[in-house]
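Contents: one structure, followed by commentary.
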Amino acid sequence: MSTRQIQYREALNEAMSEEMERDDRVFLMGEEVAYYNGAYKVSQGMLERFGPRRVVDSPISETGFAGLGVGAAMYGLRPIIEFMSWSFCLVAADQIINNAPKMLYMSGGQFPIPCVFRGNNGAGGQLGSTHSWAVESMFSSVPGLKMAIPATPRDAKGLLKTAIRDDDPVFFLESERMLGLGARGGKDFSRYLQNNWAPPTVEEDDDFLIPFGQADIKKQGTDCTIVALGRPVHFALEAAEALEAEGISCEVIDPRTVRPLDIDSIIKSVRKTNYCVVVDQSWPFASVGSEIACQIYERAMDDLDNKVIRVHNDDVPAPYARALEQEMLPNARKIAEAVRQVTYNA
Amino acid sequence: MSTRQIQYREALNEAMSEEMERDDRVFLMGEEVAYYNGAYKVSQGMLERFGPRRVVDSPISETGFAGLGVGAAMYGLRPIIEFMSWSFCLVAADQIINNAPKMLYMSGGQFPIPCVFRGNNGAGGQLGSTHSWAVESMFSSVPGLKMAIPATPRDAKGLLKTAIRDDDPVFFLESERMLGLGARGGKDFSRYLQNNWAPPTVEEDDDFLIPFGQADIKKQGTDCTIVALGRPVHFALEAAEALEAEGISCEVIDPRTVRPLDIDSIIKSVRKTNYCVVVDQSWPFASVGSEIACQIYERAMDDLDNKVIRVHNDDVPAPYARALEQEMLPNARKIAEAVRQVTYNA
Amino acid sequence: MTTATGVKAELRPSESLSASDLKGMLARMMLIRRFEERTAQSYQQAKIGGFCHLYIGQEAVAVGSITALKGDDPIITAYRDHGHALARGMDPRYAMAEMFGKATGCAKGKGGSMHFFDKPHHMYGGHAIVGGQCPLGVGLAFAIQYEKKDNVAVCYLGDGALNQGAFHEAMNLAAIWRLPIIFVVENNMYSMGTHIARGTSMAEDLGKKAEAYGMPFERCDGKDVLATYDCFKRLADAMRGSTCKALGFDEDQGSGPAFVEAVTYRYKGHSMSDPQKYRSRDEVSEWEERDPITSLTNYLLERGTATQEEIKELDANAKKISLEAVKYATESEDLGVDELFTDVYVNPFGPYKKGQPPLLMLDSDESDESAEEPGESGDESGDAGDEQGDTDDEQSDEPADNDESGAADDEAK
Amino acid sequence: MTTATGVKAELRPSESLSASDLKGMLARMMLIRRFEERTAQSYQQAKIGGFCHLYIGQEAVAVGSITALKGDDPIITAYRDHGHALARGMDPRYAMAEMFGKATGCAKGKGGSMHFFDKPHHMYGGHAIVGGQCPLGVGLAFAIQYEKKDNVAVCYLGDGALNQGAFHEAMNLAAIWRLPIIFVVENNMYSMGTHIARGTSMAEDLGKKAEAYGMPFERCDGKDVLATYDCFKRLADAMRGSTCKALGFDEDQGSGPAFVEAVTYRYKGHSMSDPQKYRSRDEVSEWEERDPITSLTNYLLERGTATQEEIKELDANAKKISLEAVKYATESEDLGVDELFTDVYVNPFGPYKKGQPPLLMLDSDESDESAEEPGESGDESGDAGDEQGDTDDEQSDEPADNDESGAADDEAK
Ligand SMILES: Cc1ncc(C[n+]2csc(CCOP(=O)(O)OP(=O)(O)O)c2C)c(N)n1
Ligand SMILES: Cc1ncc(C[n+]2csc(CCOP(=O)(O)OP(=O)(O)O)c2C)c(N)n1
Ligand SMILES: [Mg+2]
Ligand SMILES: [Mg+2]
């Protein structure tokens with residue numbers, strides 16, 4: 001395995017840059033993506049490399065520039081539209097969940113929308129209620145879009161390259177709290193991984209694509225399946241590590257994309273472990289977590305030795321105060337408790 | 001039981017008018033609600049009765065007037081904001097799911113938002129993808145709001161009066177296809193009901209409120225529970241009637257509000273019948289249906305003699321063509337099939 | 001745009017139009033009128049469902065503006081879209097079939113009246129959320145500039161859309177990047193039942209809306225097809241090749257975006273179920289007296305460009321094509337229920353399948369030709385007049401379980 | 001608003017301000033400045049988390065405008081809200097405690113820096129979605145008119161919000177209904193790293209934005225607190241009692257809404273982690289030379305309204321209050337985790353509970369008085385100077401499971 005060190009944000013940058021080299025129709029637009037080099041430095045250096053035609057600063061007009069992306073995609077371009085945060089996509093909701101995912105259908109197949117919407121999702125750290133959206137549960141119910149939620153630099157690169165080449169609109173959910181991931185050694189769970197944290201360089205593989213709809217077993221285990229997506233994958237790994245010490249072997253499975261959802265791999269894991277905890281960084285009601293749990297019951301009820309436990313945000317708006325926010329979000333402690341609770345009868 | 005004939009739209013009108021008589025702080029605002037008497041005649045006569053200060057035509061500025069409602073509520077008024085259709089609320093998403101439900105929390109309890117957002121929800125009949133939203137699954141995951149989906153004129157009146165008096169923001173989901181309900185005798189399932197279709201007049205009861213969070217058993221039965229909300233309640237009753245002939249006795253239970261959700265009553269019914277079908281007029285993934293099914297598994301797995309079957313919209317954008325739209329929506333045939341399938345092993 | 005003294009000197013672009021150009025414009029307006037009459041009739045017969053908005057009275061706006069454009073200039077509009085599609089050359093058969101929900105429809109029956117799309121004719125829809133098409137239009141213009149094309153995008157909107165944030169964000173983006181786009185508000189005075197003066201500030205001087213974005217403004221008589229043509233021809237020609245330094249182009253070129261108010265009027269209700277209590281019969285009559293078809297007809301007759309017989313023939317042809325469209329739509333196959341899961345994704349997964357392209361995409365060469373005279377490929381003969389057509393009542397197909405109220409039938413839409 | 005000849009004749013409203021009024025305004029600006037310095041310091045010490053935007057440099061806008069209003073005129077603003085809250089009379093202790101996430105905060109620590117609310121002082125927030133407060137502001141003005149109150153609402157926004165649809169919809173609604181609201185764009189030239197000229201068309205003449213809605217426009221020197229006062233005093237007084245016939249009021253009264261551009265500048269970065277490469281040190285220095293606090297100080301000294309000693313004392317007091325606020329915030333209790341489920345619903349159900357009102361609501365009588373001189377109730381003495389305060393590192397409390405990247409710490413916010 002390569003020992004490459006690369007941050008999540010750099011992986012995103014690599015994916016975009018490689019695809020922009022490859023295809024002139026790809027461009028990046030968003031607030032502060034160009035001259036500022038990205039509010040979170042994801043697009044660092046891209047203006048210099050590709051020029052202002054292809055790396056475009058937009059005013060604070062999410063409806064305007066998200067819609068611009070859809071229109072440009074109708075014309076044949078392949079826009080990457082950056083939301084500084086998915087929390088700011090709500091002012092553009094109509095453009096992204098009406099126009100983007102329904103255009104192909106409404107036009108009888110005439111107008112594909114090969115557009116990627118991407119940005120930070122989930123609590124950024126004490127930003128308060130309106131700035132701490134995790135939009136996966138709200139938007140994954142919309143047919144016509146695809147949704148990816150990468151948890152490692154490797155997945156970030158591989159999935160984003162796939163997203164950019166995909167002919168359908170892709171909602172790409174990153175996380176402010178993961179952008180620096182890969183920079184430090186401390187919380188590196190790569191010992192569990194089949195693949196490294198890091199993606200290959202363009203020299204190593206100039207066509208590194210991770211297909212949508214393929215779950216990744218982030219850690220193998222035998223006693224309980226933990227399904228997690230995005231940032232919570234790391235909480236799950238941390239919980240799994242703690243539980244290992246207690247003699248509970250967890251399998252951490254990361255669907256990586258929600259639409260399509262690789263339910264088969266999840267079911268396979270549950271059939272093996274007979275226990276399952278589902279972790280979801282959004283709110284409990286009508287969520288990705290309830291959907292996954294529900295599908296597990298539907299497909300594998302006889303294989304379950306207990307009910308599925310779901311770990312979500314608490315069902316309250318995100319508070320500012322640090323302790324409260326910590327308590328409200330899913331974390332390793334909650335996941336470990338859920339696993340202990342669900343495997344109690346094992 | 002009273003033999004009052006009243007349409008669903010008239011029941012809504014009665015609820016608003018009675019509350020406006022009662023409390024000067026209540027006003028109605030929306031597109032065409034005043035001089036046009038409502039695009040769907042729900043507010044018929046209200047301009048004449050209450051004058052232009054309290055029944056206000058707005059331009060096509062959903063962000064503007066939904067936000068106006070939230071601001072006016074902060075000041076102490078009690079706005080009723082009508083969306084001609086919930087499909088048009090997407091351009092106002094930020095105002096209704098950020099500002100309305102989070103203001104109380106973000107202000108540490110200083111600013112309640114006693115505002116009702118109401119309008120048609122669900123497919124109106126061949127309106128195409130962007131006009132056929134059923135928003136319950138998307139928005140019910142948002143803490144801070146309440147959501148009611150009445151299925152009869154009685155529930156429409158009783159729940160809307162409660163909504164207007166409630167100090168929290170309420171999303172009130174009506175249906176274009178139900179507005180005329182009560183006008184014809186044909187599809188009247190009132191023989192099953194504990195209560196009539198019709199609400200009392202103000203003379204009969206000047207304080208007719210239906211509390212939130214209380215499910216209503218629309219039809220009693222012993223063999224299978226059908227959970228349905230809004231328009232699908234009628235499909236469920238029709239299916240139940242057909243199944244009665246086949247010797248399957250269905251209990252049709254209508255939660256009436258999604259937030260709060262009266263899961264206890266649902267569980268009670270399932271404990272009795274041991275079988276359950278959940279009907280939901282929105283899309284399957286991460287839906288109200290998956291949530292209800294999931295909670296049933298979590299609370300009553302041992303009482304279930306089979307898995308729960310969910311009946312949803314097909315997971316595609318709403319098509320225009322009539323036959324396709326019919327096929328895509330939940331209907332009595334699909335529900336009956338689901339009941340037969342789920343009770344197969346009974 | 002022209003000084004008081006310059007007005008006379010400058011040739012109006014429409015003065016260069018040939019007799020056949022002019023007759024073509026008349027023919028196209030007549031086609032829209034007759035087609036819409038058939039649409040109304042078919043809606044009454046319940047062959048068409050959903051919401052349906054007629055373009056009758058506004059024909060000069062679509063025909064005048066689109067005639068002034070190049071065939072590959074992208075256009076986009078709102079839900080009142082039949083006129084734009086026909087003006088652009090969409091085969092009327094596909095247009096009618098779409099509303100009948102047939103597989104031969106321009107969008108295979110998946111879009112309906114409010115969602116007409118015609119990629120071969122660079123018609124980017126038919127959009128039903130008020131104002132929602134404006135950012136899309138900006139996207140088209142951005143793509144034109146990005147690809148260094150010599151085109152101009154035209155984005156139509158109703159006066160009601162002036163009150164939507166999407167319109168304003170779109171205007172600003174177009175302005176700062178000098179995108180080649182003409183925003184056209186078809187000011188027919190009403191959004192549903194609301195007169196523009198009740199809903200829009202400065203309704204009396206919409207030029208102020210353009211000034212707010214530093215954009216040139218033109219008010220054109222949208223009842224006069226030649227005035228409309230002139231307005232668009234000048235603006236579009238000046239705009240071609242628009243570029244913007246801020247987007248890395250060497251220098252600013254072309255005139256950048258513009259805003260047009262086309263003053264017009266719809267003779268019919270907002271949709272098929274509008275009691276129209278908000279306006280007087282007199283008001284409607286007054287506007288009908290300035291009918292764009294009548295005006296152009298008289299103009300052509302007065303100038304001797306066309307004879308009375310030619311005019312009659314053009315109208316007969318419009319009727320013939322429209323009737324043929326109904327016949328075609330009636331006889332076409334319903335869209336199969338197996339198409340429910342197609343066209344959701346280009347790269348499908350799970351239950352989804354690849355869709356067949358609509359007919360209109362397959363014969364795009366043919367239909368590019370027919371852009372000259374849409375729908376002439378039909379060989380049906382005879383004037384349809386007030387004939388009611390075949391009335392197989394599709395309502396009777398309605399499954400009982402979806403018919404508990406019938407509300408959708410009798411409401412304003 | 002005044003003719004060339006009328007300028008001299010008309011008395012500037014600020015000329016009627018008493019010496020103590022003027023010193024009060026200076027004191028309030030000094031308080032904001034010193035408070036924000038403490039805020040910055042506390043943020044560096046990680047006592048404050050999340051996003052934090054300082055008001056340093058813009059003090060004259062909040063103080064000038066708010067002094068011109070009646071105490072119960074509702075105000076609403078964006079996330080850069082500390083200055084408005086303090087100008088309105090929020091107790092600085094509650095303000096600081098809010099940022100420390102303490103139970104004594106104005107919103108009990110649930111809102112944070114971007115979401116300051118003070119109901120007793122008619123401060124309707126602190127709103128973090130750009131432009132999102134504009135429709136709310138219109139709602140306040142609508143309610144004023146509905147209730148026939150003699151008030152005026154003031155809605156502040158950043159120049160970046162000019163590009164949001166919400167702003168435009170709000171402007172139009174206010175205009176057609178003649179609502180008593182002043183929209184104030186605090187034009188500090190930048191939205192994050194984007195100069196207004198790059199993001200907003202007609203940046204050079206924002207009056208055009210007002211004209212588009214038929215609204216009166218005033219450009220005021222937002223670095224000059226008295227000019228700002230004059231501007232708001234005139235507008236607000238003319239506006240009181242605004243009504244609208246269309247809303248059923250007998251006749252139109254009051255002048256209806258207005259739009260103000262307050263030209264200003266922020267000295268610090270957009271937020272606490274902004275490298276500020278988009279502007280030169282020189283540019284910042286130039287603006288710092290026109291400092292509103294220095295200007296008013298000099299003016300008072302020149303006119304003999306205040307002595308050097310008085311000025312020093314005012315500043316010392318501002319420092320004292322700010323330090324006291326930090327001390328108060330530091331010593332306050334953390335918000336209990338059991339408050340997670342309070343304040344979600346007024347009428348709770350299931351897991352939700354009724355919340356206790358914030359302290360600020362409980363002592364609203366007291367704080368209504370302190371609106372005259374906010375925070376003076378503190379009895380802490382001594383100048384804080386550059387003292388670093390106690391630095392118990394709250395970062396060390398951070399549970400390991402939420403610390404895998406630390407991205408939130410080092411990014412632009
Ligand atoms: C965002 C949104 N709100 C409301 C509607 C409902 N609606 C459809 S058409 C219409 C009136 C639009 O009037 P205008 O823009 O003037 O266009 P016209 O009908 O005159 O062509 C309204 C309110 C909608 N489609 N979208
Ligand atoms: C809708 C939305 N988009 C993006 C952001 C992120 N954001 C926060 S502040 C800001 C800049 C705003 O600038 P301006 O309005 O000029 O206010 P200032 O910071 O100068 O006070 C941006 C882009 C946001 N909060 N909301
Ligand atoms: Mg109109
Ligand atoms: Mg600014």
- Task: Just do the side chain to side chain contact (heavy atoms under 4.5 Å, CB included) check on C:Val138 and A:Phe65 with the steps written out, would you?
- Result: CA-CA 9 Å; C:Val138 171; A:Phe65 68 79; over 6 Å; no
- Task: Report the C-alpha distance between C:Asp343 and A:Met106 in whole Å, list the side-chain angles of each, state the deciding distance to 0.1 Å, and finish with yes or no for side chain to side chain contact (heavy atoms under 4.5 Å, CB included).
- Result: CA-CA 8 Å; C:Asp343 305 317; A:Met106 288 200 307; over 6 Å; no
- Item | Evaluation steps, side chain to side chain contact (heavy atoms under 4.5 Å, CB included), between A:Val56 and C:Phe142 | CA-CA 11 Å; A:Val56 186; C:Phe142 180 87; 4.2 Å; yes
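With a threshold of 4.5 angstrom between heavy atoms, A:Lys102 does not approach chain C through any atom at all. Heavy-atom distances place both the backbone and the side chain of A:Leu104 under 4.5 Å from chain C. When heavy atoms are compared at a cutoff of 4.5 Å, A:Phe27 approaches chain C by way of both its backbone and its side chain. Only the side chain of A:Asp94 comes within contact range of chain C, with heavy atoms under 4.5 Å apart. Both the backbone and the side chain of C:Pro358 come within contact range of chain A, judged by heavy atoms closer than 4.5 Å. Only the backbone of C:Glu339 comes within contact range of chain A, with at least one heavy atom under 4.5 Å from a heavy atom of that chain. Contact annotation for C:Phe249: only side-chain heavy atoms (C-beta onward) come within less than 4.5 Å of a heavy atom of chain A. Interface residue C:Ile176: only side-chain heavy atoms are found under 4.5 Å from chain A. When heavy atoms are compared at a cutoff of 4.5 Å, C:His127 approaches chain A solely by way of its side chain, counted from C-beta outward.
A parallel orientation is assigned to the rings of A:Tyr75 and C:Tyr124, their planes being inclined by less than 30° (bins at 30° and 60°).
Taking CD1 of C:Ile129 as the reference point, atom CG of A:Asn98 lies at 5.0 Å (rounded to 0.5 Å). Atom-to-atom distance recorded for C:Gln133:CD and A:Gln95:CD is 9.5 Å, nearest 0.5 angstrom. A:Ser58 OG to C:Glu169 CD: the interatomic distance, rounded to the nearest 0.5 Å, is 8.5 Å.
Among residues at least two apart or in separate chains, salt bridge (Lys or Arg N to Asp or Glu O under 4.0 Å) pairs with a member in residues 49-73 of chain A are A:Glu21-A:Arg49, A:Asp24-A:Arg53, A:Asp24-A:Arg54, A:Asp57-D:Arg198. Within the structure, salt bridge (Lys or Arg N to Asp or Glu O under 4.0 Å) pairs that include any residue of residues 146-155 of chain C comprise C:Lys70-C:Asp150 (at least two apart or interchain).
With contacts defined as side-chain heavy-atom distances shorter than 4.5 Å, the pair C:Phe167/A:Thr63 does not qualify.
Nearest heavy-atom pair across C:Ala246 and A:Pro52 is O-CB, 3.5 Å. Counting all heavy atoms, side chain and backbone alike, A:Gly71 lies closest to C:Leu140 at O-CD2, 3.5 Å.
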Using a 3.5 Å cut-off and no angle test, enumerate the donor-acceptor pairs between side-chain atoms of residues 109-119 of chain A and protein atoms at least two apart in sequence or in another chain.
| unit_1 | atom_1 | unit_2 | atom_2 | d |
| --- | --- | --- | --- | --- |
| A:Gln110 | OE1 | C:Lys119 | N | 2.6 |
| A:Gln110 | NE2 | A:Ser107 | O | 3.3 |
| A:Gln110 | NE2 | C:Cys106 | O | 2.8 |
| A:Gln110 | NE2 | C:Phe117 | O | 3.1 |
| A:Arg118 | NE | A:Glu174 | OE2 | 2.6 |
| A:Arg118 | NH1 | A:Glu82 | OE1 | 2.9 |
| A:Arg118 | NH2 | A:Glu82 | OE1 | 3.3 |
| A:Arg118 | NH2 | A:Glu174 | OE1 | 3.1 |

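Against chain A, the residues from residues 344-357 of chain C that qualify, each with a non-hydrogen atom under 4.5 angstrom away, are C:Val344, C:Tyr345, C:Val346, C:Asn347, C:Phe349, C:Tyr352, C:Gln356 in number order.
With a 6.0 Å radius and a threshold of 12 heavy atoms from other residues, nucleotides or ligands, C:Asp250 has its CG atom at or below the threshold.
Of the listed residues (C:Ile76, C:Leu340, C:Asn172), the greatest number of heavy-atom pairs within a distance under 4.5 Å of chain A belongs to C:Leu340. Put simply, of A:Ile60, A:Leu261, A:Leu145, the one with the most heavy-atom pairs under 4.5 Å next to chain C is A:Leu145.
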